[in-house]
Amino acid sequence: MTFANFIRGQWSASRSGATFGDENPAIRGSSLAEFQSSTVDDVRDAVDAAAQAFPSWRRTPVTERKHHVQTFLTLLRDSREELSRIVTLENGKTIRESRAEVDSALVEGTHHVNQIEAFYEGSGPGAFSSKTWMQYEPVGVAGIISPWNFPMNVMCRKTLPALLTGNTVVFKPATFTPWSGVFMATLLEKAGLPPGVFNCVTGAGSTIGHALVTDPRVRAISFTGSTAVGKQIQQQAAENLTRTQLELGGKNALIVMEDADLAQAVDAAITAGFSNAGQWCTSTSRVLLHRPIARPFLERLVARCEKMTVGDGLSEATDMGPVAGPAQYRDVRAAIRQAEAAGARMVAGDPEPRAASPEPSGYFIRPTVFADVTPDMAIFREEIFGPVLAICEFDSIDEAIALGNRSMYGLSSAIFTTSHETARTYIDGIEAGLAHVNVHTGYKEPAMPFGGVKQSGAGLPENSETGLEFFVDRKAVYVR
Ligand code: NAD
C-alpha cells in the first residue's frame with residue numbers, strides 16, 4: 001500500500017517519484033506501507049496551497065472554524081481503535097498507550113474548542129475609549145513539524161489551535177511515523193475543511209523540514225523534537241523573523257524524600273520512566289533518592305522492573321513495547337554500554353547481548369536501572385530517550401534541587417514528599433516548565449501551559465491560552 005501527500009484538498013504523489021517504507025519496530029525488517037519521499041518542490045506546492053487558502057479561511061467566522069474542528073474531533077473519537085492500532089504498529093508503544101494518546105488529543109482538542117470564543121472576548125473595544133481596541137489576527141501559513149513519539153497527539157495540540165485561530169497549515173509528520181500523520185489528514189478532509197486549509201507532506205526532515213522553515217510565506221513554525229534540531233530551526237527561522245514554538249528534549253528528575261509514600265513514588269518512577277518505552281519528553285530519566293530510603297526504594301523498583309512484560313505492543317498483556325526503530329535501539333544500547341563503562345551499576349535490565357545470542361525479533365530493551373550514578377556521567381546529563389533510569393542519592397532538599405537543576409534541560413520534574421515546606425522549597429527552586437508534587441513527571445492537563453525552560457523549549461508554551469496565542473498577532477486599532 002502506498003500513501004500520498006495531501007495538498008490543496010487532493011491526494012498526490014511526490015514529484016520525486018520516490019517513496020520510503022515504515023517499519024513495525026516489533027518485527028525487524030517489516031514494512032507496513034510506503035510513503036512519499038517529498039521534495040522541496042512538493043513543500044512549495046503545499047505552501048502555495050496554504051497561502052492561497054488563507055485569505056478566505058481567515059474571514060471564515062470563528063463559529064464555522066469551530067464547527068470543522070468539532071466534526072474532526074467526532075471523527076477522531078469514532079476512529080479511536082483504528083488509529084490506536086496504526087500508532088502501535090508504526091511506533092511500537094502498547095495499544096493501551098496508543099488509546100491514551102488518542103484520548104489525550106480528544107481532551108486537549110475539546111479544551112481548545114471550548115475556550116476559543118472566550119479567547120476572542122479579549123479582543124475588542126479598549127478600556128479607555130470605545131474608539132480603540134486590540135484585535136487578534138491569524139499569522140498566516142503555519143508550519144507544523146512533529147516527532148514520532150506522540151505522532152498524533154502532538155500534531156493535534158498544534159494544528160487545532162492554528163486552525164481555530166484562522167491560520168492555514170502545512171504539516172510534516174515524523175519520518176518514522178508517517179501513517180498516523182496521513183491518517184489525521186484523512187480525518188481533516190472528511191471534516192470538510194476547504195481545499196488548501198490543511199496540507200500534509202511526508203519525507204525527510206533535513207530537506208522538506210528545512211524548506212518549510214525557510215519559506216518566507218510561512219509565518220509561524222511549531223516544532224516538537226530534539227534540542228539539536230530545534231536550535232537549527234531557530235537559526236533558520238531568524239532569517240525571515242518567523243516566530244517559533246519549540247518543544248524540545250528533557251532530562252527530567254524525580255526527587256523522593258524520606259517522608260514520601262514509597263509505593264506511590266515507585267509507581268511514579270515506573271509509569272513515567274517506562275511508558276512509551278521511556279520515549280517521552282516528560283519521562284522520568286533521573287531518580288534522586290534521599291539516602292535513608294534509597295535501598296528500600298531500589299529494591300521495590302527493581303522487583304517491579306523484573307515483573308514487566310516486554311513485547312509486541314498489540315498484545316493487551318504487554319507492559320512495554322519495543323523502542324521505535326533501529327536508530328533508537330542502537331543509541332539506547334550505546335548509552336547503556338557507556339554507563340557501564342563509566343562505572344554506573346546496572347541493577348535492572350539486560351546486560352549487553354552476546355554475539356552468540358539470537359537476534360531479538362524486534363527492537364526490545366528491558367526496563368533498565370543504573371545505581372551509583374554521579375553527575376559527571378553522560379547517563380546523568382544526556383537525554384537517552386529510552387527505558388533507562390539513572391539513580392543518585394542526596395542528603396538534603398537543597399542538594400536534591402541542585403542536582404535536579406544540574407542539567408542543560410528544564411522540561412519536567414517531580415517530588416514525592418509529605419512535607420508542605422519541602423514541597424514549597426522544591427516548587428520555588430526547581431528550574432523546569434512543569435513541577436509536580438506527588439504526581440509523576442509525565443502528567444499534564446490541557447488548561448495548563450505545556451513547555452520547558454533552558455534548552456527544553458522556546459516561544460510560547462502549548463495548551464492553556466498560550467496554545468492559541470502563539471498563532472495570532474495583536475493589532476492595536478485607533479479610530480477617529
Ligand atoms: P527530531 O528532532 O529528530 O525530529 C523531529 C521532527 O523534525 C521530525 O519530523 C523530523 O523529520 C524533523 N526534522 C529533522 N531534521 C529537521 C530539520 N533540519 N529541519 C526541520 N525539521 C527537521 O526528534 P525526534 O527524534 O522525532 O523526537 C524525539 C525528541 O523530541 C526528543 O528529544 C524528545 O524529548 C523531543 N520531544 C519533546 C516534546 C516536548 O513537548 N518538549 C514532546 C515530544 C518529544
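Values reported hereafter were calculated over all heavy atoms of this structure, with side chains retained and with hydrogens, waters and symmetry mates removed. Computed from a predicted structure; not experimentally measured. Whatever order the structure lists ligands and atoms in, that order sets their numbers, starting from 1.
Of all atoms in ligand 1, listed by their number and element, those nearer than 4.0 Å to a heavy atom of T175 are 11 (O). The ligand atoms of ligand 1 that sit less than 4.0 angstrom from a heavy atom of W148 are 24 (P), 25 (O), 26 (O), 27 (O). Of all atoms in ligand 1, listed by their number and element, those nearer than 4.0 Å to a heavy atom of L411 are 41 (N). Every atom of ligand 1 with a heavy atom of N149 under 4.0 Å away is listed here by number and element: 43 (C), 44 (C). Contact atoms of ligand 1 toward T224: 5 (C), 36 (N), 37 (C), 38 (C), 39 (C), 40 (O), 42 (C), 43 (C), 44 (C) (distance under 4.0 Å to a heavy atom of the residue).
Between F450 and ligand 1 there is a heavy-atom distance shorter than 4.0 Å. In this structure, F223 counts as a contact residue of ligand 1, since one of its heavy atoms falls inside 4.0 Å of the ligand. Ligand 1 lies out of reach of V154, whose nearest heavy atom is not under 4.0 Å from it. Distances shorter than 4.0 angstrom do not occur between any heavy atom of F150 and any atom of ligand 1. For S146, the closest heavy-atom approach to ligand 1 falls below 4.0 Å.
Among all protein heavy atoms, the one lying closest to atom 19 (N) of ligand 1 is G205 O, 3.5 Å. Of all protein heavy atoms, the one lying nearest to atom 41 (N) of ligand 1 is L248 O, 2.8 Å. Here the heavy atom of the protein found nearest to atom 28 (C) of ligand 1 is F385 CE2, 3.6 Å. The protein heavy atom nearest to atom 36 (N) of ligand 1 is C281 CB, 3.5 Å. With hydrogens left out, the protein atom closest to atom 31 (C) of ligand 1 is E383 OE1, 3.5 Å, a heavy atom. Scanning the protein for heavy atoms near atom 11 (O) of ligand 1, the closest one is K172 NZ, 3.0 Å. In terms of protein heavy atoms, atom 27 (O) of ligand 1 is closest to P147 CB, 3.5 Å.
Between the side chain of N5 and the backbone N or O of W11, no donor-acceptor pair lies under 3.5 Å. Listed for the K251 side chain is a donor-acceptor partner under 3.5 Å among the backbone atoms of E382.
With a 4.0 Å heavy-atom cut-off, ligand 1 is reached by the backbone of H210 but not by any atom from C-beta on. Of all the heavy atoms of T282, none lies under 4.0 Å from any atom of ligand 1, so neither backbone nor side chain is involved. When heavy-atom distances to ligand 1 are checked against a 4.0 Å cut-off, W280 has no atom that comes that close, whether in backbone or side chain. With a heavy-atom cut-off of 4.0 Å, E462 does not touch ligand 1 at all.
Remark: ligand 1 and Q232 share an N or O pair separated by less than 3.5 Å (distance only, no angle test). At least one N/O-N/O distance between G225 and ligand 1 falls below 3.5 Å. Here's the thing with G203: none of its N/O atoms is less than 3.5 angstrom from an N/O atom of ligand 1. Among the atoms of R157, none of the N or O lies under 3.5 angstrom from an N or O of ligand 1. Of the N or O atoms in Q236, none lie within a sub-3.5 Å distance of an N or O in ligand 1.
One distance of note links CG of L212 with OG1 of T207; it measures 11.5 Å at 0.5 Å rounding. Interatomic distance, CG of L254 versus CG of L288, reported as 7.5 Å (0.5 Å rounding). Here the CG-SG distance, from L76 to C156, works out to 5.5 Å after rounding to the nearest 0.5 Å. Atom CD1 of residue I233 and atom CD of residue Q245 lie 12.0 Å apart, to the nearest 0.5 angstrom.
The pair E469-R243 does not meet the salt-bridge criterion, since no charged nitrogen lies less than 4.0 angstrom from a carboxylate oxygen. The residues R99 and E81 are annotated as salt-bridged, a charged nitrogen and a carboxylate oxygen being separated by less than 4.0 angstrom. Note on R219 versus D473: no salt bridge recorded, every NZ/NE/NH1/NH2 to OD/OE distance being 4.0 Å or above.
Distances from atom 4 (O) of ligand 1 to the protein include no heavy-atom value under 4.0 Å.
Considering each of N252, L434, N153, I145, the one bringing a non-hydrogen atom nearest atom 12 (C) of ligand 1 is I145. Between the choices G451, S226, G457, the shortest heavy-atom distance to atom 23 (O) of ligand 1 belongs to S226.
Of all the heavy atoms in P195 and A53, the pair that sits closest is O-CB, 3.6 Å. The shortest non-hydrogen separation linking M448 to N463 is O-CB, 3.4 Å. Scanning both residues, S413 and T441, for their nearest heavy atoms gives C-CG2, 3.7 Å. Closest non-hydrogen pair, L89 versus P25, comes out as O-CD, 3.5 Å.
For the ring pair (Phe, Tyr, Trp, His ring centres under 6.0 Å) with W148, the qualifying choice from F385, W179, W280 is F385, the only one to do so.
Annotation: cation-pi pair K93/F150 present, NZ/CZ under 6.0 Å from the ring centroid and within 45° of its normal. The cationic atom of R304 (NZ for Lys, CZ for Arg) does not lie both less than 6.0 Å from the six-membered ring centre of F274 and within 45° of the ring axis.
The number of heavy atoms from other shown groups lying within 6.0 Å of CD (Q70) is above 12.
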